K.L.:
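So that we are looking at the same thing, I have put the structure below in structure tokens.
Owing to the predicted nature of the structure, the values given are computational and were not obtained by experimental measurement.
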Amino acid sequence: MLSYIGSGPYCYTNSLAMMLGGDSPPTAVIETLTGSPFGAQLIAGSLPLFDPYGWDPEAGLDAAIALLGWTCERSDGGTPAEALDRLRSACSHGPVLVGPVDMGLLLYQPGTPNADGGDHYVVLLAADQDAVELHDPHGHPFATLPTQAFLSAWEAKAISYIDAPFVLRAGFVRHHRLTPADALRQSLPGAERWLAGRDDLPMPPGSLGGAAAVEALADMVARGTPPQHPHVAHRLRCPGGSTTSERRGNVPGRAGAVARGLPRAASGPDPGQPAVSAGTR
């Protein structure tokens with residue numbers, strides 16, 4: 001039985017937590033292991049994201065999966081028909097982590113269709129020629145969608161950080177067990193590299209990272225210049241948005257407490273909670 005985790009931000013984190021099931025650490029730990037909290041970037045001088053310079057969710061998921069002692073099979077590319085065959089084959093063995101998808105083309109979401117390049121991750125439960133069923137961590141457990149509409153979203157034409165469309169991850173296998181504290185300690189060298197700023201990743205001209213990105217964004221806001229992405233106004237009002245383009249810039253406090261071996265403060269639920277069991281629709 002696959003539990004639903006979501007009804008909030010952290011879509012790739014919640015999707016991975018669903019895939020790991022009862023062996024998943026708290027979502028705050030997963031989010032920290034992705035490296036997302038350790039920086040800020042202003043892509044091409046106009047698109048602000050609250051994650052490190054050069055970071056993207058694909059790199060973050062790969063890092064978190066490895067740090068937690070798991071492997072999976074990642075595949076992508078092909079025609080829509082080939083991608084559907086691959087998806088149906090993977091779903092025959094269990095849930096599948098799918099993304100990035102274009103959130104604006106998920107037709108059960110309010111205000112769709114709107115191909116705005118808002119990247120998103122979901123967990124596919126079943127797929128055939130007519131329809132797919134999925135857990136969308138943005139508040140849509142057991143959502144259904146016509147297959148052709150889902151393929152349009154999954155092709156993710158407006159999302160620039162993937163080299164090929166139709167990305168999925170399946171065949172998750174746990175090779176060794178680590179406590180959340182051990183996984184977080186092992187992630188510290190990577191977090192340090194993100195914080196220091198990496199220059200080994202391709203970025204568009206005019207991009208900024210770290211303090212320079214935050215200062216440039218503050219200047220844009222002060223001048224009343226609208227940032228490029230349509231979701232940014234919401235993100236600036238309330239850090240932590242619904243798509244991966246609306247990412248956080250702070251280390252989740254509970255994850256930090258776990259890393260230090262301290263008791264977690266009772267300051268509210270972990271990101272992505274509550275969880276809804278698969279028996280309730």
Side-chain angles (χ1 to χ4, degrees), residues 8-13 31 34-63 76 99-106 109-122 137-138 152-165 167 190-191 193-252 271:
Y10 304 87
C11 65
Y12 50 89
T13 293
E31 179 73 8
T34 68
S36 171
F38 301 107
Q41 55 182 327
L42 189 64
I43 299 176
S46 61
L47 174 58
L49 297 173
F50 294 107
D51 43 47
Y53 183 82
W55 184 96
D56 63 56
E58 288 295 287
L61 280 170
D62 288 345
D76 62 16
V101 302
D102 192 319
M103 190 175 186
L105 297 179
L106 298 175
Q109 294 279 2
T112 57
N114 176 24
D116 62 6
D119 49 337
H120 195 49
Y121 285 77
V122 298
H138 189 48
S152 295
W154 189 20
E155 194 168 7
K157 291 181 178 179
I159 297 170
S160 62
Y161 58 78
I162 51 174
D163 296 324
V167 180
R193 287 193 295 272
W194 286 121
L195 284 168
R198 293 179 56 174
D199 58 5
D200 59 328
L201 301 170
M203 290 289 286
S207 298
L208 299 171
V214 175
E215 290 168 358
L217 175 59
D219 289 342
M220 292 170 64
V221 173
R223 295 194 308 267
T225 304
Q228 175 184 333
H229 199 280
H231 296 297
V232 167
H234 168 73
R235 178 171 64 248
L236 293 176
R237 289 195 301 269
C238 181
S242 60
T243 70
T244 62
S245 289
E246 296 171 346
R247 302 180 198 117
R248 283 63 46 201
N250 62 301
V251 181

K.L.:
Nearest 0.5 Å, what's the CG-CG distance between Leu47 and Leu217?
P.N.:
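Interatomic distance, Leu47 CG to Leu217 CG, rounded to 0.5 Å: 10.0 Å.
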K.L.:
Is the backbone of Pro52 close enough, under 3.5 Å, to the side chain of Gln41 for a donor and an acceptor to pair up by distance?
P.N.:
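Such a contact is found between Gln41 side chain and Pro52 backbone.
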K.L.:
Could you pull out the closest heavy-atom pair between Val122 and Pro137, with the gap in Å?
P.N.:
CA-CD, 4.2 Å
K.L.:
Does Pro100 reach the side chain of Glu58, with side-chain heavy atoms less than 4.5 Å apart?
P.N.:
yes
K.L.:
Which heavy-atom pair separates Leu61 from Tyr12 by the least distance, and what is that distance?
P.N.:
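So the two residues come closest at CD2-O, 3.8 Å.
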K.L.:
To the closest 0.5 Å, what do you measure between CG (Leu201) and CH2 (Trp194)?
P.N.:
5.0 Å
K.L.:
Decide yes or no for Ser207 and Tyr53: does some side-chain heavy atom of the first lie under 4.5 Å from some side-chain heavy atom of the second?
P.N.:
yes
K.L.:
Kindly check if the number of other-residue, nucleotide or ligand heavy atoms within 6.0 Å of CG (Asp219) is above 12?
P.N.:
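Yes - once you tally the heavy atoms of other residues, nucleotides and ligands closer than 6.0 Å, there are more than 12.
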K.L.:
Between Trp55 and Ser36, is there a side-chain heavy-atom distance shorter than 4.5 Å?
P.N.:
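A side-chain contact under 4.5 Å exists here.
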K.L.:
For the residue pair His120 and His138, categorise the inter-ring angle as parallel (less than 30°), tilted (30 to 60°) or perpendicular (more than 60°).
P.N.:
perpendicular
K.L.:
Where is the tightest heavy-atom contact between Ser46 and Pro48, given as atom of each residue plus distance?
P.N.:
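Of all heavy-atom pairs spanning Ser46 and Pro48, the closest is O-CD, 3.3 Å.
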K.L.:
To the nearest 0.5 Å, what is the distance between CG on Asp102 and CG on Asp119?
P.N.:
8.5 Å
K.L.:
Mind checking what makes side chain to side chain contact (heavy atoms under 4.5 Å, CB included) contact with Asp76, not counting sequence neighbours?
P.N.:
Arg74, Ala164, Val167
K.L.:
What distance separates Leu49 CG from Leu42 CG, expressed to the nearest 0.5 Å?
P.N.:
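CG of Leu42 is found 8.5 Å from CG of Leu49.
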K.L.:
Look at the side chain of Thr112 and the backbone N and O of Gln109, then say whether any donor-acceptor pair between them is shorter than 3.5 Å.
P.N.:
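Present.
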K.L.:
Heavy-atom distance under 4.5 Å between the side chains of Pro204 and Ile43, does that happen here?
P.N.:
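Yes, close enough: below the 4.5 Å cut-off.
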